[in-house]
Amino acid sequence: MAKKNAKGSASHGSRAYVFAAILVVVMYIVNAILVDRIYQNNKRVSDRTAETVQTVNRISAELSEINGEVLSVIAGVGNRTGHANAARAHFSNIAGCKEDFDDISGTSDAAKTRFKHAYTIIEAYQKQLEGLVSQWNQAGGGQADISDAAFGSDMNSMYTQDIYPLQVSATEMLRTTIDIINNDNDEDMKENTRNTYILMGLMLLVAVLSEVAIFIIARRAKKARLELEEREKNLREVDAKLKSTRQKASDLALTNILTNMKNRYALDNDISERLESDRFNIAVFDMDNFRSINDTYGYDFGDEYLIAVADRLKNDFGGSAEIYNITGNEFCFVFNKEISESQAMGIVQSIHAVMSSPYEVLNLTVQLPASGSVYHYLPGDCLNVNSLLVKLDTALRNAKLNGGNMINTVVDI
Amino acid sequence: MNKSRRKRIISSMALCAVSLTTLMSTGCGKSSDDKYTVAVITKQNISFWEDVKDGAEKAGDELKVKILYNEGSDNPYPVGDNDFSTQIEYIDYAIKEGVDAIVIAPNDTEKLNDAFARASDKGIKIININSRASFGGVKSCISSSDMDGGAVAARHAAAAVLGDASIRNGIASLKAAREVTPEVIKSSIKKLGKGTVGIIGHTAATADQRINGFKTQSVTEIAYQMGKDGLDTSKLGLSQQDTAALFQNFFVEGKRCGAVDEACEEAKRLISENPSMICFFATNTNTTLGVCKAIEELGLKDKIYVIGFNADSAELDYLKTSVLDGTVVQNPYNMGYFGVSYAVRAIEDTGVPYVLDTGVTYVTADDLDKDYVKLLLNPEDF
């Protein structure tokens, strides 16, 4: 369960990195879109301002041209009708410019109002001039030239009193329109700049927050990884202990705890598979009347006696035979393959001598006679270890029935 | 990480976010939208100056200028056209407030100069409207020419006077004389149209110029008409002054009046003393209202052609009822608007014309529906 939780945390950690990466990509895309939008806005504002200012300036230039035509008339230069027609053409151009101005979208209300005022003055200016032309035609009786000095003198008054103020007012109003447009442009640009700063600030904030979030998540992921490693280490230790315990249990199952020799099950494991194919020498020994020791000195003393015997047997014969303590004081010797039958018989005699010799146990010297049986086993003699031992035990029992302290050989029947 | 620590971090982040956003939204510039402060100083409380104020405030809105209008005195307006003392208080207050420019309609050509010098020393730009003071640091003057205002009135008055039967008959009888010698013409002109045109001027200096313009243009118009009728005065070998002197009997001028009732009484006096009067010229709003009141009370609206000045709502009412036949309308709204607009240009040193003539327009009842006249009379609604 703990492992699962740790894995879950680690998974959350990696997900955080993926999320952070996606966030950064999204941030950059959004940033690119917004920066492009700001750029387009600035461009649109600049283009609009340039177009509007250009249109208004064109009107001012046309007004200046018209004023030139009027002054030419007053100064008596050129043909009156020609000047009048030229002025009409300029007014027509102004009307075209007005349409251009009206078509420009995004112009502020203030600029539109100022332009409307200017254009109304221009219309009044045009009407004044048309009135003048009409009056001129009446006074001049259709004359094409401008030789009427008296009318010319009156023209001066009309120009300064009725015409020039309209022309100059319209021109100044147009200039103020441009001032407003430029102001609007500055305002729009300023707003765009402010938006840029806000955007950059927000992006910075998101980046900082993302970094902080990634830092926190990374710390949590690191902590989870360390916990996982600690748990894995503990688990390895537990596993090792478990294996050791199992080995011990397994060893205990095949070992006699008292003498630390292999037991009856170990014998079974070791030679079962050899019964069908091998020939070997095997012998079984036990002390005659061992029970009298237990009865006389107690089980603890008996155990110590057995340990002493076992140690002596392992020491003296461990090199030529595998020794098993198959029951209480019964020892089984499976001689090595290289030990011949005659050699085995010699060793058996030695075993008998060792087991029957006196032992110093808990400051007492004890000695019991021992009996044994020996079997020169041939392949296929027995079906299993049990029947093998029955044969050996039968021979051993016969030895004991015949007085003990002897070695009996298993004769195959 | 325990809960309280996490809370602290989240709170700090939120605070940072709010601070950053606030910084970004309020920073990067001045907190106020206004680029400059301009003091606008006008004259007494009549609609003409209210229009100037409207124009100035409109320009203030459009060009991001804070307007201080007649601020800095216990008097909300100068008491009269000669009250320069109140205007000096306004100027000193503007200096104290650190304005960038002063737009002023001076009530005296000389007596404000010291105050202008104090302002100018602080780098404050001076723009005049309506009339120009003699102070050399005045950057520009936006006004309509008072001479031209009088002249425009005269051209329309001439049409009325020359259309009158007695005047036409007088000219015709001169022309019919078998031997028209210069002496005969001179003598006849002196008799012709005596007391035909009444004039009442207001008390400010502008009245002199308007009256002068009116008289000069009237003489030109009448002489021109006589010339067309075969009685060319230029052939008499007279100078322009002599010619003007010949026509002096045409005009009868009352005393200068400041108030409506005063002008009314003076108009009544002139009318009673000049029974052949067929035209009246008044030089400002109050004198126009006074003359109209007299004409209305005397029941002479069909006999006497009245030409006034400006377009107060009461004057427009007289125009609609034909008591007032025509009025010379200045452009006070544009005066205020361009005053502030020029102030900004002077502050930014982008150049202003030395003079701007906003012009005058002769308006009759028939003209009230015309776009340009609507723009003149109600610029805020146009």
Side-chain angles (χ1 to χ4, degrees), chain A residues 108-111 113-114 116-117 119-125 127-128 139 149-151 153-154 157-158 160-169 171-173 175-177 179-180 182-184 186-187 190 193-202 204-206 208-209 212-213 216 219-220 223, chain B residues 1 6 9 13 16-17 20-21 23-29 33 35 58-59 61-64 142 144-145 147-149 151-152 154-155 213 217 220-221 224 227-228 232 234 331 333-334 337-338 341-342 344-345 348 350 353 356-362 370-376 379 382:
Chain A
S108 72
D109 288 344
T113 303
R114 206 48 47 206
K116 186 181 173 191
H117 284 203
Y119 196 74
T120 304
I121 299 171
I122 291 170
E123 286 179 321
Y125 177 51
K127 278 180 191 165
Q128 282 284 1
F151 193 84
S153 170
D154 200 34
S157 301
M158 292 180 79
T160 54
Q161 293 159 13
D162 294 339
I163 296 169
Y164 179 70
L166 288 173
Q167 187 260 329
V168 76
S169 290
T171 303
E172 288 301 306
M173 199 62 89
R175 183 168 170 188
T176 309
T177 307
D179 288 344
I180 292 171
N182 285 332
N183 259 0
D184 293 342
D186 291 346
E187 286 294 312
K190 202 190 287 179
T193 306
R194 191 165 56 232
N195 286 342
T196 306
Y197 279 124
I198 289 173
L199 175 64
M200 286 168 66
L202 288 177
L204 182 66
L205 185 66
V206 171
V208 169
L209 290 178
V212 170
I216 291 171
R219 274 188 61 177
R220 290 177 63 182
K223 192 178 169 190
Chain B
M1 190 182 295
R6 193 179 306 162
I9 289 176
M13 285 177 180
C16 285
L20 191 65
T21 310
L23 180 74
M24 291 302 170
S25 56
T26 59
C28 322
D33 279 344
K35 286 158 69 179
K58 188 68 177 175
D61 283 347
E62 292 179 353
L63 300 171
K64 314 296 179 203
I142 300 135
S144 47
S145 160
M147 281 284 286
D148 287 346
V152 167
R155 281 198 274 118
Q217 188 67 34
T220 304
E221 294 289 331
Y224 170 61
K228 278 180 71 177
D232 191 347
S234 64
N331 205 331
Y333 184 88
N334 274 3
Y337 188 91
F338 285 130
S341 155
Y342 279 22
V344 171
R345 288 193 214 166
E348 294 178 347
T350 53
L356 174 67
D357 184 357
T358 50
V360 292
T361 305
Y362 186 74
K370 292 179 179 171
D371 279 348
Y372 180 61
V373 174
K374 282 183 189 170
L375 174 63
L376 276 178
F382 192 76

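Everything numeric here is computed off the predicted structure, so don't read it as measured data. Convention: sequence-line order gives letters A, B, ...; per-chain numbering from 1.
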For [X], which atoms come within 4.5 Å of any heavy atom of chain A: side chain, backbone, both, or neither?
| X | answer |
| --- | --- |
| B:Lys58 | side chain |
| B:Ser144 | neither |
| B:Ser145 | neither |
| B:Leu63 | both |
| B:Asn334 | side chain |
| B:Pro353 | side chain |

Practice prompt. Any chance you could lay out the side chain to side chain contact (heavy atoms under 4.5 Å, CB included) test for B:Glu62 and A:Asn183, step after step, and finish with the verdict?
Written response: CA-CA 8 Å; B:Glu62 292 179 353; A:Asn183 259 0; over 6 Å; no

Item to complete: Please name the pair of heavy atoms, one in A:Pro165 and one in B:Thr358, separated by the smallest distance, quoted to 0.1 Å.
Response: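 Taking A:Pro165 first and B:Thr358 second, the nearest heavy atoms are CB-C, 4.0 Å.
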
Worksheet entry | Heavy-atom pair with the smallest gap, counting every atom of A:Ser169 and B:Phe338 |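 The answer is O-CZ, 3.8 Å.
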
Out of [options], which one racks up the most heavy-atom pairs below 4.5 Å with chain B?
| options | result |
| --- | --- |
| A:Asn182, A:Thr160, A:Asn195 | A:Thr160 |
| A:Leu199, A:Asp184, A:Asp162 | A:Asp162 |
| A:Lys116, A:Glu187, A:Glu123 | A:Lys116 |

Fill in: Geometric cation-pi criterion A:Arg114 and B:Tyr337, 6.0 Å radius, 45° cone
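Judged by the rule, A:Arg114 and B:Tyr337 form a cation-pi pair.
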
Fill in: Inter-residue atom distance A:His117.NE2 - B:Tyr333.OH, 0.5 Å rounding
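One finds 6.0 Å between NE2 of A:His117 and OH of B:Tyr333.
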
Discussion item. Once rounded to the nearest 0.5 Å, what's the spacing between atom CD of A:Gln161 and atom CD of B:Gln217?
Written reply: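 It is 5.0 Å, given to the nearest 0.5 Å.
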
Worksheet entry | Results of side chain to side chain donor-acceptor pair (under 3.5 Å) for B:Lys370 - residues two or more places apart only |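 Testing B:Lys370 for side chain to side chain donor-acceptor pair (under 3.5 Å), a comparison that skips the adjacent residues, returns B:Asp367.
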
Worksheet entry | side chain to side chain donor-acceptor pair (under 3.5 Å) involving A:Glu172 - partner list, sequence neighbours excluded |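 If we apply the side chain to side chain donor-acceptor pair (under 3.5 Å) test to A:Glu172, skipping adjacent residues, the hits are B:Tyr342, B:Arg345.
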
Item to complete: With a 4.5 angstrom heavy-atom cut-off, could you sort out which part of A:Ile121 is near chain B: side chain, backbone, both or neither?
Response: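 Contact with chain B: backbone and side chain both.
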
Worksheet item: In this structure, are over 12 heavy atoms from other groups packed under 6.0 Å from B:Tyr362 atom OH?
Response: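 Atom OH in B:Tyr362 is crowded, with more than 12 foreign heavy atoms closer than 6.0 Å.
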
Worksheet entry | Worked verdict on B:Thr350 versus A:Arg175 for side chain to side chain contact (heavy atoms under 4.5 Å, CB included) | CA-CA 12 Å; B:Thr350 53; A:Arg175 183 168 170 188; 3.8 Å; yes

